[in-house]
**Q** 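Got a structure for you, questions after.
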Amino acid sequence: MIRVLLADDHPIVRDGLKKHLEEEGDFEVVGEATDSREAYRLAVDNEPDVLVLDLEMPGRGGLDTLRELKRVKPDIAVLVLSRHDEDPFAVRSIRSGAAGYLSKQSVSDELAEAIRKIASGERYISPSVAATLAMHLESPTEGKPHETLSDRELQVLCMMGKGMTATEIADDLALSVKTISTYRSRILDKMELENNAQIIRYAIENELA
């Protein structure tokens, strides 16, 4: 049996993932986490074979949790789930130690295969992710402006691109509105943009929204 820990802040998503895996017959769900802190604690305590980690849970953030977990428990294979398209978060996930990356749109078709593969010590990378990784390896210094952002700044940029307000983003990430405003200011400064409208336009034009 492959021991799996599920980390996602949405109960309906967790229930769906658990049911899907239990129907396969060779998985045991050993725990469920609702935020980044709980995901880290349960992973350290339970030492699952695979952690299925939502990239955008409240609190610390999926990528920060991933990096810290791989430092402390490097043998736990991590499969990152994200609602985002595969670029740019796939590259950051793999570089942070993830063994695989899967968009939530592909879960029903690919989840079991992805977990089996990374549990055996392999990587699970879709052709589009592989192409993105190859592009970054070939021209690592020729990135787009959003690649200068921190993980959390990039996350805020994507959420702003979807039309979310500072209050909505703060609620979703369990942060203060003041903190979101700080991230917004950094985004404007680093990307040399002037206002929210330019952020939204950039996100849409670069398929980040």
**Q** Salt bridge (Lys or Arg N to Asp or Glu O under 4.0 Å) with R67: which residues, sequence neighbours excluded?
**A**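 Residues passing salt bridge (Lys or Arg N to Asp or Glu O under 4.0 Å) with R67: D64, D151.
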
**Q** Under the salt bridge (Lys or Arg N to Asp or Glu O under 4.0 Å) definition, can you give me all pairs with a residue in residues 10-27, not counting sequence neighbours?
**A**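 Only R14-E32, K18-E32, E24-R116, D26-R116 qualify under salt bridge (Lys or Arg N to Asp or Glu O under 4.0 Å).
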
**Q** Hydrophobic side-chain clustering at under 4.5 Å (ILVMFWY, transitive links): who's grouped with I204? Put none if nobody.
**A**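 Direct or chained contacts put I204 with I200.
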
**Q** I want to check something: taking the side chain as every heavy atom from C-beta on, are I169 and Y183 in contact at a cut-off of under 4.5 Å?
**A**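 No - every pair of side-chain heavy atoms lies 4.5 Å or more apart.
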
**Q** Run the side-chain contact (heavy atoms from CB on, under 4.5 Å) test against E47 and tell me which residues pass, sequence neighbours left out.
**A**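 Counting only residues at least two positions away or on another chain, E47 forms a side-chain contact (heavy atoms from CB on, under 4.5 Å) with K73.
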
**Q** Would you please test V52 and L6 for side chain to side chain contact (heavy atoms under 4.5 Å, CB included) and show each step?
**A** CA-CA 5 Å; V52 178; L6 302 175; 3.9 Å; yes

**Q** Could you check whether N196 and R184, counting side-chain N and O atoms only, form a donor-acceptor pair closer than 3.5 Å?
**A**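 The criterion, which ignores hydrogens and geometry beyond distance, is satisfied for N196 and R184.
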
**Q** Check L17 against L81 and note the closest heavy-atom contact, atom names and distance.
**A**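 What the structure gives for the nearest pair is CD1-CD1, 3.9 Å.
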
**Q** Drop me the distance from L173's CG to I180's CD1, to the nearest 0.5 angstrom.
**A**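 CD1 of I180 is found 5.0 Å from CG of L173.
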
**Q** Who are the salt bridge (Lys or Arg N to Asp or Glu O under 4.0 Å) partners of R152, not counting sequence neighbours?
**A**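 Checked R152 against salt bridge (Lys or Arg N to Asp or Glu O under 4.0 Å); zero matches.
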
**Q** Output, in order, the C-alpha distance, side-chain angles, deciding distance and verdict of side chain to side chain contact (heavy atoms under 4.5 Å, CB included) for E147 and V91.
**A** CA-CA 11 Å; E147 293 175 6; V91 174; over 6 Å; no

**Q** Below 3.5 Å, can you tabulate the donor-acceptor pairs from side chains in residues 107-115 to any protein atom, sequence neighbours excluded?
**A**
from	atom 1	to	atom 2	distance (Å)
E110	OE1	Y124	OH	2.6

